[in-house]
2 protein chains.
Amino acid sequence: MINKSSLCQQAVDLLRKRIFSHALLPGQRLDEAALAADLGISRTPLREALKILSAEGLLHIKPRRGCFVAELTPADLEEIFPIMAMLEGRVAYEAALKAGPNELKRLDALHEKLEKYAAARDVDRYYEVNYVFHDALQELAGNRWLQHMIGDLRKLLRLSRHRSLKLEGRQLESLAEHRALMAALQRRDAPAAEEIMKNHLLAQLSALRRMASRQEVA
Amino acid sequence: MINKSSLCQQAVDLLRKRIFSHALLPGQRLDEAALAADLGISRTPLREALKILSAEGLLHIKPRRGCFVAELTPADLEEIFPIMAMLEGRVAYEAALKAGPNELKRLDALHEKLEKYAAARDVDRYYEVNYVFHDALQELAGNRWLQHMIGDLRKLLRLSRHRSLKLEGRQLESLAEHRALMAALQRRDAPAAEEIMKNHLLAQLSALRRMASRQEVA
DNA sequence: ATGCGTTATTTTGTATACAAGATAGGAGAG
DNA sequence: CTCTCCTATCTTGTATACAAAATAACGCAT
């Protein structure tokens with residue numbers, strides 16, 4: 001690991017990683033002096049990093065009161081997932097239009113991996129490959145701003161663990177949705193791809209709802 | 001004007017204003033020392049402000065080389081407007097579902113103003129009221145994250161002047177679209193409202209294209 | 001013992017000082 | 001006269017020091 005970039009950028013990267021890995025928990029307060037000492041840097045670049053993360057929505061800065069890791073409520077998820085559904089749906093639409101034989105091969109290879117990990121009940125790898133698949137699709141769509149918007153929201157969603165795949169039967173559903181998506185892409189059926197992707201995202205939200213209500217009971 | 005917030009926040013607000021008013025032009029380089037002196041603050045809070053504006057996409061920071069006002073290319077607009085169309089379309093959809101008699105009255109009042117300023121050929125006021133109308137619709141939809149996403153993109157679009165209304169006949173078209181939107185809202189026809197709003201945004205892009213090609217000729 | 005007010009301490013916000021990389025200008029060689 | 005390399009200067013990046021606000025602690029009165 002080469003430390004070539006600025007300390008501010010390094011701090012941003014590291015804190016993001018800590019937030020995503022839940023080493024820093026939503027709602028938690030960050031002490032500047034302590035964090036700076038921990039990272040081995042001064043408060044100046046650290047504060048710049050905090051401002052950046054705040055602008056990204058991962059932190060909330062309360063003036064004169066400190067910096068807190070952002071929290072997503074169920075109500076937030078109810079808003080964010082439908083937006084993601086639109087954006088990712090659009091990606092699927094554009095990708096279907098642009099998909100050449102080579103790109104389809106690459107996507108299909110990723111899809112095969114999904115099938116494999118699903119069969120092996122390996123939720124973590126499935127999740128990971130799923131992420132790569134969506135990423136590959138975005139690259140194929142080649143819409144930088146769409147990618148940017150989706151990336152912003154995806155970052156926010158990583159604030160808490162949303163492992164809807166752990167819900168009984170959800171992984172199979174997810175896999176079926178991916179299968180249908182691949183079929184639509186191979187048919188170059190852009191509207192179908194869009195619709196399937198939308199429903200894929202909305203199904204995730206639905207699964208999360210079911211998990212939440214189950215936890216309330218328990 | 002009370003200076004109660006932090007110097008960083010004040011710097012953010014002021015610089016944003018300068019960018020939006022085109023006192024700072026896309027591509028322009030910002031000298032930290034000079035800017036700090038100009039604002040009467042030190043470089044510490046100024047740099048925090050620059051990081052925030054960079055995260056918002058209004059500035060680009062090239063490490064060790066300085067800070068530049070962001071530029072939007074026609075290609076960027078081709079990507080951003082369709083995304084705006086989706087998001088604002090969704091706002092119209094949700095607003096149509098939630099619209100009560102009082103809210104419809106308020107929107108109608110704003111629409112009347114639009115009609116008035118259009119008749120008076122007052123492009124600036126039309127633009128302003130148009131903005132308020134879209135804002136009121138977002139408030140009515142009551143979807144904070146949707147509002148947030150749209151706000152982010154709208155900020156970017158303000159980097160350069162996109163006065164599509166100045167194009168021959170465009171203002172009349174725009175007005176007709178608004179009229180159709182109001183009608184759909186009053187009918188509580190959410191899908192129609194969504195479609196009209198989408199087309200309203202895409203028509204703006206189309207007008208911008210026509211303006212660009214006309215300028216190329218000239 | 002509890003509630004309030006005052007003081008002490010911690011923590012954020014800002015300014016200044018310094019280090020290192022980038023730019024510009026000039027001197028020397030071809 | 002032009003190109004290159006070296007040096008001087010400027011600019012960004014970082015650390016430290018200080019001011020002001022917020023929190024915590026303590027004592028006092030009820």
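Quantities reported herein were computed from a predicted structural model and do not represent experimental measurements.
When each of A:His178, A:Gln171, A:His111, A:Lys113 is checked for a side chain to side chain donor-acceptor pair (under 3.5 Å) with A:Asn130, only A:His178 meets the rule.
By the salt bridge (Lys or Arg N to Asp or Glu O under 4.0 Å) test, B:Arg18 is found to be paired with B:Asp38, residues two or more places apart in sequence or in another chain being considered. Evaluation of the side chain to side chain contact (heavy atoms under 4.5 Å, CB included) rule for A:Thr73 yields A:Ala75, A:Asp76 as partners, not counting sequence neighbours. For A:Glu78, the salt bridge (Lys or Arg N to Asp or Glu O under 4.0 Å) criterion is met by A:Arg209, not counting sequence neighbours. A search for salt bridge (Lys or Arg N to Asp or Glu O under 4.0 Å) contacts involving A:Arg154 returns A:Glu88, not counting sequence neighbours. For A:Asp108, the salt bridge (Lys or Arg N to Asp or Glu O under 4.0 Å) criterion is met by no residue, not counting sequence neighbours.
Nucleic acid contact class of B:Cys67 (heavy atoms, under 4.0 Å, all strands): none.
Of the charged side-chain nitrogens involved, at least one lies within less than 4.0 Å of a carboxylate oxygen, so that A:Arg170 and A:Glu173 count as a salt-bridged pair. We find that A:Glu94 and A:Arg90 are joined by a salt bridge, their nearest charged nitrogen and carboxylate oxygen being less than 4.0 Å apart.
By the neighbour-count criterion of 12 heavy atoms within 6.0 Å, atom OH of A:Tyr93 is sparsely surrounded, having that number or fewer from other residues, nucleotides or ligands.
At a cut-off of 3.5 Å, with distance as the only test, no side-chain donor of B:Asn143 or B:Gln147 sits close to an acceptor on the other residue.
Between B:Leu7 atom CG and C:dT16 atom C1' the separation is 15 Å, expressed in whole Å. Taking atom NZ of residue A:Lys62 and atom C1' of nucleotide C:dG13, one finds them 18 Å apart after rounding to whole Å. One interatomic measurement links the two molecules: CD of A:Gln9 to C1' of C:dG21, which rounds to 18 Å at whole-angstrom precision.
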N/O donor to acceptor pairs below 3.5 angstrom from side-chain atoms of residues 39-46 of chain A, sequence neighbours left out:
unit_1, atom_1, unit_2, atom_2, d
A:Ser42, OG, A:Thr44, N, 3.4
A:Arg43, NE, A:Glu32, OE1, 3.1
A:Arg43, NH2, A:Glu32, OE1, 3.0

Under 3.5 Å, side-chain donor or acceptor atoms of residues 95-107 of chain A against the rest of the protein: list the pairs with distances, not counting sequence neighbours.
unit_1, atom_1, unit_2, atom_2, d
A:Lys98, NZ, A:Ala141, O, 3.0
A:Glu103, OE1, A:Gly100, N, 3.1

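Between the axis at the start and the axis at the end of the helix from C:dA1-D:dT30 to C:dG30-D:dC1 there is an angle of 0°, using five pairs per end and rounding to 10 degrees.
Within a heavy-atom distance below 4.0 Å of DNA chain D, the residues of residues 41-54 of chain A found are A:Ile41, A:Ser42, A:Thr44, A:Pro45.
Residue pairs that meet the ring-ring contact (aromatic ring centres under 6.0 Å, His included) test with at least one member in residues 43-84 of chain B, sequence neighbours left out, do not exist here.
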Scan nucleotides 7-9 of chain C against the protein and return all N/O pairs shorter than 3.5 Å with their distances rounded to 0.1 Å.
none

Detail all sub-3.5 Å separations between protein N/O atoms and N/O atoms belonging to nucleotides 7-11 of chain D.
unit_1, atom_1, unit_2, atom_2, d
D:dT11, O3', B:Arg29, NH2, 3.3

